[in-house]
Amino acid sequence: MPLPSMSLRLLLPPRGLLVLLFLRRRRSPLRRCLRGWPAPATLAIPPRAFASSTLHVRACAFSGVSGMAAGSPPPPPQQQQQRCVEVREGVELTEKEERIFRRLLDVVRHFGLGTQLRVAGGWVRDKLLGKDSTDIDIALDNMTGQNFCEKVNEYSELMGEEQKGIGVIQCNPDQSKHLETARMLIFDIWIDFVNLRSEKYAENSRIPTVEIGTAKEDAFRRDLTINSLFFNINTNSVEDLTGRGLEDLKKGLIVTPLPAKATFLDDPLRVLRAIRFAARFNFTLTDELKEAASDEKVKSELGSKISKERIGHEVDLMMSDKHPVNAMCYIRDLGLFYVVFAFPEKPDPSVPDKCDWLCVSHIEVAWNLAHSIGCSVFSGGSDSKWQGEHQRLCLYSALFAPLRNTVYLDKKSKKVPVVNYIIRDSLKLKASDADSVVNIHAASEKFAELICLLESNENLATVKEKLDDEYLEIPTDLVKRVLAGLILREIKDFWRVALFISTLTYPEVGSASGSVSQQDKLHQRKEKYTRAERSITELGKELPDDCSLPYDYGNYM
């Protein structure tokens, strides 16, 4: 990974002393600085090669405050205002998609299969919203996906083309795979093939009895009406077999094809999927759906019938999506916070009342602050994946910031951060995610202490006296650099994220009247972060030639 041209050199202790700040979290000497249904409808598409024009639909939906800058966060769900959703009249295909679909139709015609080919679900929804999608799932009405893929290969051989490998994804109900799926590469795009299906759920299981079904049965068994649309390749048309998928898409509504409570009791994971799509598209959960999602039996089933891995996967998708704050607000407002983010027994100190509101308020402030500061908070790598990972972990760190000093006793009577439990046990995310968030929290406290010194030279001599013997001989004016270097060695590339989190928990600076607006608080936090980030960067420049500990840690900058 390329490193920035600027090299930051900080005074750091020998590597063996990492335990000072990283493995052995002792109380810092500076801590004192911080005291304080209609009939099914079909939308015909013009005959020209599956393409169509755009229809500007004047329909009521919900969005953020008008005039909000591009890329800025939408308001929480309860503050949303009406807007209009632009929905295309039909599906506009790329040249590659047209080529793929023609090939599939050639296979059907050549072998006389009589198969109706339908693209299902999210691809259709995204296309109608004018968004690109490569997630093409083909639903078949009269044969298995594997059999059809074999026919595709047979046809390719007749055309003198290389046959492609066929991957078969076996039925795996625990991962929401209720039918065998076949996958193959067609013109460099991975395509999934699966049967149309109907589902029936047993009372105490989210795993349904699955049978091959009709297109209408398949549409009604899907989680949301906006995900129930088909694009029929044979007839070049969008099929709305529930009778309301298109209308709900135009109105920006999140609705279940069948009664919401029964749908959620059949598969409680659909509650989180509904929240995720509402947040992603800034759509609105209907009153019926919200009532069903907050039903005590549905919440109980979500906690007991759904694996932690599946819950964690949905939450991680929300946190990595466009509007994670809206998703967390929905989880809080629907009374799902303690179901999704389950706590261990006997946390110390006890979890405060309204902890869900406190946690969500932190991620909301973090989201607004990050947009105010800009993408520099998540710098540290040149590619978007790197920055996306920094942003994801930053949001988890903000969400759980109120719990950063809360611990519990594990089976070995060892004190473990509650945040570690939530991420590793409640969400079943990677152990490295839990470690990163816990380390960010620890470093953020140390940054908060450092900010005291950066903004004032008071107590420098006192702090120097409490440093380890190795640093007693350093000039007093190098104390700040030593402390900054210790933190950077501990947190490495996530140092800006940790500094950012420290501004969320740093004591507020009130006005003379004691009243500060939210906008003023946001501005104060932004200024505090900007000053601290600039000061830490400056500390690594122009070290004296006779410096005894000239460690070069420019790669963290």
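Heavy atoms only: backbone and side chains are in, while hydrogens, waters and symmetry mates are out.
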Within-4.5 Å side-chain heavy-atom neighbours: Lys96 and Asp188: yes

side-chain contact (heavy atoms from CB on, under 4.5 Å) between Val339 and Glu301, worked out: CA-CA 10 Å; Val339 178; Glu301 296 285 85; over 6 Å; no

Contacts of Asp356 that satisfy salt bridge (charged side-chain N to carboxylate O under 4.0 Å, His left out) - sequence neighbours left out: none

With sequence neighbours excluded, residues passing side chain to side chain donor-acceptor pair (under 3.5 Å) with Asp321: Arg280

Reported CG-to-OG distance for the pair Leu393 and Ser432, which is rounded to 0.5 angstrom: 8.0 Å

Value rounded to 0.5 Å, distance of CG in Asp333 from CH2 in Trp357: 5.0 Å

Set of side-chain contact (heavy atoms from CB on, under 4.5 Å) partners for Asp135, sequence neighbours left out: Ser133, Asp137

Closest non-hydrogen atom pair, Pro324 against Met319: CB-CA, 3.9 Å

Non-hydrogen side-chain atoms of Leu522 and His371 separated by less than 4.5 Å: no

Member of Arg273, Arg125, Arg276 meeting the salt bridge (charged side-chain N to carboxylate O under 4.0 Å, His left out) criterion with Asp223: Arg273

Heavy-atom closest contact (His362 atom, Leu358 atom, distance): ND1-O, 2.9 Å

Which atom of Cys394 lies closest to which atom of Ile501, heavy atoms considered: O-CD1, 3.7 Å

Phe343: partners by ring-ring contact (aromatic ring centres under 6.0 Å, His included), with sequence neighbours left out: Tyr338

Candidate list Leu504, Asn439, Ile440, test side chain to side chain contact (heavy atoms under 4.5 Å, CB included), partner Ser397, passing option: Ile440

Partner set under salt bridge (charged side-chain N to carboxylate O under 4.0 Å, His left out) for Arg534, not counting sequence neighbours: none

Separation between CD1 of Ile491 and CG of Leu486, rounded to the nearest 0.5 Å: 13.5 Å

From Gln391 atom CD to Ser320 atom OG, the distance as rounded to the nearest 0.5 Å: 8.5 Å

Counterpart residues, side-chain contact (heavy atoms from CB on, under 4.5 Å), relative to Leu185 (two or more places apart): Trp190

Min side-chain heavy-atom separation Ile331-Met318 under 4.5 Å: yes

Distance (rounded to the nearest 0.5 Å) between Ser502 OG and Lys528 NZ: 9.0 Å

Contact check, side chains of Phe500 and Arg525, non-hydrogen atoms, under 4.5 Å: no

For Tyr529, ring-ring contact (aromatic ring centres under 6.0 Å, His included) partners two or more places apart: none

side-chain contact (heavy atoms from CB on, under 4.5 Å) involving Asp316 - partner list, sequence neighbours excluded: Arg392, Tyr396, Leu429

Contacts of type side-chain contact (heavy atoms from CB on, under 4.5 Å), residue Ala293, not counting sequence neighbours: Phe264, Val271, Leu334

Stepwise side-chain contact (heavy atoms from CB on, under 4.5 Å) check, His390 with Asp493: CA-CA 9 Å; His390 274 57; Asp493 295 311; 4.2 Å; yes

Glu345 side chain near Tyr408 side chain, heavy-atom distance below 4.5 Å: no

Pair up each side-chain donor or acceptor in residues 413-427 with any protein partner under 3.5 Å, not counting sequence neighbours, and list the distances.
unit_1, atom_1, unit_2, atom_2, d
Ser426, OG, Ala342, N, 3.4
Ser426, OG, Ala342, O, 2.4

Minimum heavy-atom distance between Val360 and Cys329, given as atom pair plus value: CG1-SG, 3.9 Å

Nearest heavy atoms of Thr406 and Pro347, plus distance in Å: CG2-CB, 3.8 Å

Ala442 to Glu490 - nearest heavy-atom pair and separation: CB-OE2, 4.0 Å

Worked verdict on Ile536 versus Leu450 for side-chain contact (heavy atoms from CB on, under 4.5 Å): CA-CA 10 Å; Ile536 293 170; Leu450 177 62; 4.2 Å; yes

Contact check, side chains of Ile254 and Ile275, non-hydrogen atoms, under 4.5 Å: no

Side chain His441, main chain Leu403, donor-acceptor under 3.5 Å: no

Gap separating the CD atom of Gln519 from the OG atom of Ser372, nearest 0.5 angstrom: 7.5 Å

Counterpart residues, side chain to side chain donor-acceptor pair (under 3.5 Å), relative to Lys299 (two or more places apart): Glu296

Side chain to side chain donor-acceptor pair (under 3.5 Å) against Thr94, all qualifying residues, sequence neighbours excluded: Glu97

Min side-chain heavy-atom separation Lys480-Leu454 under 4.5 Å: yes

Parallel, tilted or perpendicular: rings of Phe281 and Phe277 (30°, 60°): parallel

Validation row: Thr505, Arg404 side chains within 4.5 angstrom (heavy atoms): yes

Evaluation steps, side-chain contact (heavy atoms from CB on, under 4.5 Å), between Trp495 and Glu533: CA-CA 10 Å; Trp495 75 269; Glu533 194 267 352; 3.9 Å; yes

